[in-house]
Protein chains: 2
Amino acid sequence: MSRTPLHPTREQIELPMVLDCLSDPIRLTIVYQLAQQERVSSELCCGDFNGLAGKSNLAYHFAKLRECGVMQTRVAGTNRFMRLRREDLEARFPGLLDAVINSAAKDADRLQLLSGCDVVDAESN
Amino acid sequence: MSRTPLHPTREQIELPMVLDCLSDPIRLTIVYQLAQQERVSSELCCGDFNGLAGKSNLAYHFAKLRECGVMQTRVAGTNRFMRLRREDLEARFPGLLDAVINSAAKDADRLQLLSGCDVVDAESN
DNA sequence: CCTTATGTTCAACGTTTATTGAACTATTGC
DNA sequence: GCAATAGTTCAATAAACGTTGAACATAAGG
């Protein structure tokens, strides 16, 4: 396992890549859950998203989200903690992330954003 | 040529589809140009986008933009006039379209949004 | 009616994408 | 050291995507 995964600089973040990244239902769910979690701890680890898809499939989506500059990964022991790159995204594309997240929240049931994710269960306790 | 192409109702417009639609550079350019044109006439016809790609390729992208609910097509003679479905998009995803368009405007040169499009030339006269 | 202009539709193609399971790496705790 | 845990990487697969040119459809102008 390489120590710190590749992240693009703020200026390297491209609009089409971000939009494409967010257009996938699984990745949109991940981003949505990360946004919800910001009110609590701002970070989640990969395992919190088991239930959304298989581990290798999730790793694929995590890599995409990272490489597109949407989220950042921090390695801690055997865990990888992830958070949204809110400031960078806001600097590059003002209002975009919130518009997407709010739209996703509005359509939460339609998008099935809440299904199969440990995070929501934990939060509702 | 069928008289009126298919358009989804406002409620049928889905977030992932819209994001995916906007993630393609050619389609993003079309949307951006339509947005710019709103200050003038709010409508453009297919031919205004020759230069972006071949005709059949453009027809493919137009169809996607239409089927995803991003724009509306009106048939007039041999022409098809298109405009953004601003109100519908705003109702479904508040702030999203403007965030995307403003972000695209900020990155206009990086995205090469202005190249090969008749509209800009016409507008700069 | 014939031609021209505007776009669409279709089939073909090569590329990219999402998904899967198996193998692998790295860290923690006993 | 050994087993368990947490994730990644790889190869394979099927589906979706973008692009192309040729054929088609429709309307307008002479």
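Numbers restart at 1 for each chain; the letters A, B, ... are given by sequence-line order, proteins then strands. The structure displayed is predicted, hence computed values, not measured ones.
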So if I define the base as every atom that isn't primed, P, OP1 or OP2, how would nucleotides 13-21 of chain D read as a B/S/- string at a heavy-atom cutoff under 4.0 Å?
----SBBBB
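Atom CZ of R74(B) and atom P of dA27(D) are 15 Å apart (whole Å). dG7(D) atom C1' lies 12 Å from atom CE of M71(A), rounded to whole Å. Atom CG of L52(B) and atom P of dG7(C) are 13 Å apart (whole Å). Distance L44(A) CG to dG7(D) C1': 16 Å, rounded to the nearest Å. F62(A) places its CZ atom 7 Å from the P atom of dT8(D), with the value rounded to the nearest Å. Here the P atom of nucleotide dG7(D) and the CG atom of L6(A) are 19 Å apart, to the nearest Å. Taking atom CE of residue M82(A) and atom C1' of nucleotide dG7(D), one finds them 11 Å apart after rounding to whole Å. For the pair K55(B) NZ and dC24(D) C1', the interatomic distance rounds to 12 Å; values are reported in whole Å.
In this structure, the nucleotide among dT8(C), dA28(D), dT27(C) sitting nearest to the side chain of T78(B) is dA28(D).
R80(B) has a side-chain polar atom (N or O) that falls below the 4.0 Å cut-off from OP1 or OP2 of dT8(C). Taking only side-chain nitrogens and oxygens, N79(B) never comes nearer than 4.0 Å to OP1 or OP2 of dA27(D).
For the atom pair H61(B) NE2 and D24(B) CG, the distance stands at 4.5 Å (nearest 0.5 Å).
Evaluation of the side-chain hydrogen bond (donor to acceptor under 3.5 Å, both in side chains) test over residues 88-101 of chain B, restricted to residues two or more places apart or in two chains, returns D107(A)-R92(B), R10(B)-D88(B), R85(B)-D88(B), R86(B)-D98(B). Within the structure, salt bridge (Lys or Arg N to Asp or Glu O under 4.0 Å) pairs that include any residue of residues 13-22 of chain A comprise E14(A)-R110(B), D20(A)-K64(A) (at least two apart or interchain).
Contacts of N102(B) classified as side-chain hydrogen bond (donor to acceptor under 3.5 Å, both in side chains), with partners at least two apart in sequence or in another chain: none. Annotation: ring pair (Phe, Tyr, Trp, His ring centres under 6.0 Å) contacts of F62(A) (sequence neighbours excluded): F49(A). By the side-chain contact (heavy atoms from CB on, under 4.5 Å) test, A53(A) is found to be paired with I26(A), N57(A), L58(A), residues two or more places apart in sequence or in another chain being considered.
Taking 4.5 Å as the limit, every side-chain heavy atom of L89(A) sits out of range of all side-chain heavy atoms of L84(A).
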